[in-house]
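Notes follow once the structure below has been shown.
Lettering of chains follows the sequences in order, A, B, ..., and the numbering in each one begins at 1. Note: hydrogens, waters and symmetry copies are ignored here, and every other heavy atom, side chains too, is used.
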Amino acid sequence: MQSFTTLTGVAAPLLRPNIDTGTIIASRFMRSRSIDLGEKLFSDWRYAADGSENADFVLNQEPYRHAKILLGGINFGCGSSREAAVYALMKFGISCVIAPSFGEIFFDNACQNGLLPIELPEDVVVSLADAIKRANSAELTVDLLTRRITTPQGDTVGFTIAEDRRTSLLEGLDETALVLRHSDEIDAFRDADRRTRPWLYERSAL
Amino acid sequence: MAALPRSLFSKIWDSHVIRELGADRTLIQIDRHLLHEATSRDAFDGLRRRGLAPKSVAATFGVVDHDPSTQPGRTWMTYLPARERISAMQQNCREFGIELLDVNDSRQGIVHVIAPELGITLPGATIVCGDSHTATSGGLGAWAWGIGTTEIERVLATQAMILRRPKTMRVNFHGSLPAGVYAKDLILAFIGRHGIAVGSGFAVEYAGETIRGLGIEARLTVCNMSIEFGARSGLIAPDDATINYIAGRPFAPSGKLWDQAVADWHHLPSDDGAAFDREIALDCSNLHPQITWGTSPQDVIAIDEAIPDPSTAPVERRSAMVNALDYMGLSPGMRMEGLPIDVAFIGSCTNARLSDLEIAARMVRGRKVPEHVTAFVVPGSTAVKHVAEAAGLDVVFREAGFGWRESGCSMCQTLGGDSVPPGQRSISTTNRNFEGRQGPQARTHLASPAMVAAAAVAGRIVDTRKQPVLF
């Protein structure tokens with residue numbers, strides 16, 4: 001997985017609550033690998049029915065069309081388990097989402113792909129959005145090493161993230177490789193479990 | 001010293017711990033892994049890159065459900081845009097030796113419908129699937145939850161996952177459901193009262209005499225909606241009804257193994273005095289049929305209530321409510337009753353099992369869907385379709401003007417070529433009324449099968465309790 005250490009880039013405010021993963025990437029764009037997920041990110045909000053850009057949508061405006069960071073509302077990434085929501089954000093160029101809370105599956109998927117999800121109280125997220133709008137530059141710096149966000153005005157906001165998640169993002173850890181290292185224990189567990197719960201290991205209808 | 005009383009969830013968790021890894025992380029064994037074509041493709045590629053074979057093909061079941069056409073006589077190739085992913089699923093399952101319930105297999109159906117139906121879901125088992133509605137299987141007392149594609153690859157490779165132990169919540173439902181009120185109304189009412197994130201971080205157990213009184217299929221409906229209030233998993237303790245439901249199903253244990261399994265399952269229900277991090281109660285004895293008015297499952301009211309006014313709602317919800325009303329073309333104070341509809345959809349992993357179709361058929365028998373309304377039924381599985389046909393339900397629906405389709409995810413989320421046209425109003429037995437879920441600019445109202453069927457033949461939203469069953 002891609003590692004995350006520090007990131008400086010344009011942050012786009014999209015503070016609507018409960019933005020679901022199907023809004024981030026609609027199911028009809030996941031059917032073929034020939035479709036560019038980044039282009040289809042937030043498609044129903046970003047484009048009119050004729051395919052033209054909707055000028056009111058934040059990611060169609062300068063400088064936000066170059067966003068690397070997204071400021072979201074509560075329960076960001078709720079709904080469907082689709083990891084493609086994370087792929088679509090990353091393909092667009094966004095590798096950090098800052099929101100008051102996240103859908104659990106989205107949060108896990110983000111951490112599996114090097115997209116940093118940062119949880120901060122709603123008033124702090126709103127103040128970051130205000131800081132961007134007030135400044136000439138809409139850039140924030142997110143530093144996972146020091147767990148700090150720096151605003152264009154030079155103010156800093158601290159954040160917390162579980163230490164193992166932080167380490168794994170910093171190192172770009174492959175968690176599957178980590179689990180594979182426990183293969184002997186998994187096998188031993190399964191051998192013992194097979195004796196206590198054999199019905200889960202025998203397949204009667206094949 | 002006597003052992004501490006444990007909850008259903010705690011018992012399942014404890015019996016699946018391979019190893020504690022420190023920092024609140026635990027390596028957990030996965031008993032059953034369900035795969036469908038919409039989220040597993042990259043996981044197979046990952047396995048291939050690592051040069052690995054699946055750890056247990058016996059524990060892994062593949063099905064094609066999201067993409068195929070639901071048109072009568074369909075094959076896997078009928079709907080052109082679906083071919084790429086279905087074909088990849090077929091090749092991947094063949095290459096890795098995983099049994100695939102393909103489009104024209106008599107056991108095919110929506111993954112969360114077939115898992116219980118085929119006896120793949122068993123009480124006390126850990127079950128994962130790359131799909132947020134995997135909690136459906138919790139209705140049989142399994143701990144089941146949705147995962148991402150990277151995690152699918154991990155489970156294929158190891159039958160294990162590194163997890164943080166969720167907090168536990170018990171929701172106690174009291175009172176018996178009034179006539180015309182169903183499991184869907186119960187869970188929508190709960191979400192309406194407590195909001196769509198109340199379950200975040202929790203494994204939820206549904207309990208109380210209302211739940212005990214529900215049939216197994218209705219319990220699956222309740223658990224199915226867990227993710228709609230943020231809970232990744234939702235469980236109901238197995239009882240005699242559960243055991244009777246599972247007995248004799250194709251993948252269920254039999255003979256000596258069955259006896260052993262049943263003896264084990266009797267120990268699963270939460271012990272008296274088991275502790276939960278949170279408990280919530282809901283009285284169901286005065287519940288009315290529910291219907292959503294907005295673009296989130298928490299935007300729900302009883303059919304005889306008025307649409308709420310954002311200006312009197314909690315401040316933090318106001319702007320979302322205004323957006324929702326605008327998207328839905330509705331105003332505060334309006335009544336849902338009488339609102340004309342364009343589309344009625346009976347389908348999905350939430351409400352397309354046999355009992356759902358029976359309830360819906362009672363409402364439409366002897367009536368006609370008006371000319372301007374598109375109505376169709378997509379049975380939750382091919383088996384449900386066949387049993388419904390044997391009971392003559394397909395004739396009831398067809399004579400009333402409904403389409404009678406093959407099984408798949410279909411119009412629940414714009415799949416298989418089925419969608420609600422822009423701006424049109426749909427009443428649907430599905431689980432999500434998010435913007436664009438049933439198609440760009442589609443307006444979705446979630447309700448029970450009885451409410452959807454009653455609306456389909458009335459051409460407008462009605463109170464199912466006021467529409468008499470004709471015969």
Report which part of [X] has an atom under 4.5 Å of a heavy atom belonging to chain B: side chain, backbone, both, or neither.
| X | result |
| --- | --- |
| A:A188 | neither |
| A:P17 | side chain |
| A:R31 | both |
| A:F102 | backbone |
| A:Y47 | neither |

*Let me see the working for A:D164 and B:L21 under side-chain contact (heavy atoms from CB on, under 4.5 Å), right down to the final yes or no.*
CA-CA 11 Å; A:D164 61 291; B:L21 298 173; over 6 Å; no

Hey, does [Y] have a side-chain heavy atom less than 4.5 Å from the side chain of [X]?
| X | Y | answer |
| --- | --- | --- |
| A:R33 | B:D42 | yes |
| B:Q298 | A:N18 | yes |
| A:E104 | B:P166 | no |
| A:E163 | B:D24 | no |
| A:D20 | B:R437 | no |

Quick one: of [options], who has the most non-hydrogen atom pairs under 4.5 Å with chain A?
| options | result |
| --- | --- |
| B:L257, B:I196, B:T150 | B:T150 |
| B:E228, B:E153, B:E151 | B:E151 |
| B:G146, B:A58, B:A197 | B:A58 |
| B:D131, B:T39, B:I162 | B:I162 |
| B:N323, B:D67, B:T295 | B:N323 |

Look at [options] and state which one has the largest set of heavy-atom pairs under 4.5 Å with chain B.
| options | result |
| --- | --- |
| A:R190, A:M30, A:R28 | A:R190 |
| A:N75, A:T196, A:V86, A:D193 | A:N75 |
| A:I105, A:N109, A:T21 | A:I105 |
| A:L200, A:D44, A:D108, A:I74 | A:L200 |
| A:R16, A:Q112, A:E175, A:M1 | A:E175 |

Counting only non-hydrogen atoms closer than 4.5 Å, does [X] touch chain A with its backbone (N, CA, C, O), its side chain (CB onward), both, or neither?
| X | result |
| --- | --- |
| B:I30 | backbone |
| B:V155 | neither |
| B:L122 | side chain |
| B:R32 | side chain |
| B:R41 | both |
| B:V57 | backbone |
| B:F202 | backbone |
| B:A38 | backbone |
| B:I18 | both |
| B:L27 | side chain |
| B:R85 | both |
| B:L52 | side chain |
| B:H16 | both |

_Quick check against the 3.5 Å criterion: does A:S27 have a side-chain atom that pairs as donor or acceptor with the backbone of B:Q413?_
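Between the backbone of B:Q413 and the side chain of A:S27 there is a qualifying donor-acceptor contact (under 3.5 Å).
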
*Evaluation steps, side-chain contact (heavy atoms from CB on, under 4.5 Å), between B:K55 and A:D187*: CA-CA 10 Å; B:K55 178 91 176 166; A:D187 289 341; 2.4 Å; yes

*Verdict with reasoning, B:I152 to A:E83, per side-chain contact (heavy atoms from CB on, under 4.5 Å)*: CA-CA 11 Å; B:I152 296 174; A:E83 199 158 314; over 6 Å; no

*Take A:D174 and B:R154 through the test salt bridge (Lys or Arg N to Asp or Glu O under 4.0 Å) and record every step on the way to the result.*
CA-CA 10 Å; A:D174 175 359; B:R154 187 165 309 143; 5.4 Å; no

Closest approach of [X] to [Y] (non-hydrogen atoms, all atoms of both residues):
| X | Y | result |
| --- | --- | --- |
| B:A157 | A:L180 | O-CD2, 4.2 Å |
| A:F189 | B:S15 | CZ-O, 3.4 Å |
| B:S132 | A:S80 | OG-CA, 3.6 Å |

*Can you tell me if NZ on A:K68 sees more than 12 non-hydrogen neighbours from other groups inside 6.0 Å?*
no

*Side chains of B:E435 and A:T23, donor plus acceptor under 3.5 Å*: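 No, A:T23 and B:E435 have no side-chain donor paired with an acceptor closer than 3.5 Å.
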
*When rounded to the nearest 0.5 angstrom, what distance separates CZ in A:R197 from CG in B:D264?*
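Those atoms lie 7.0 Å apart.
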
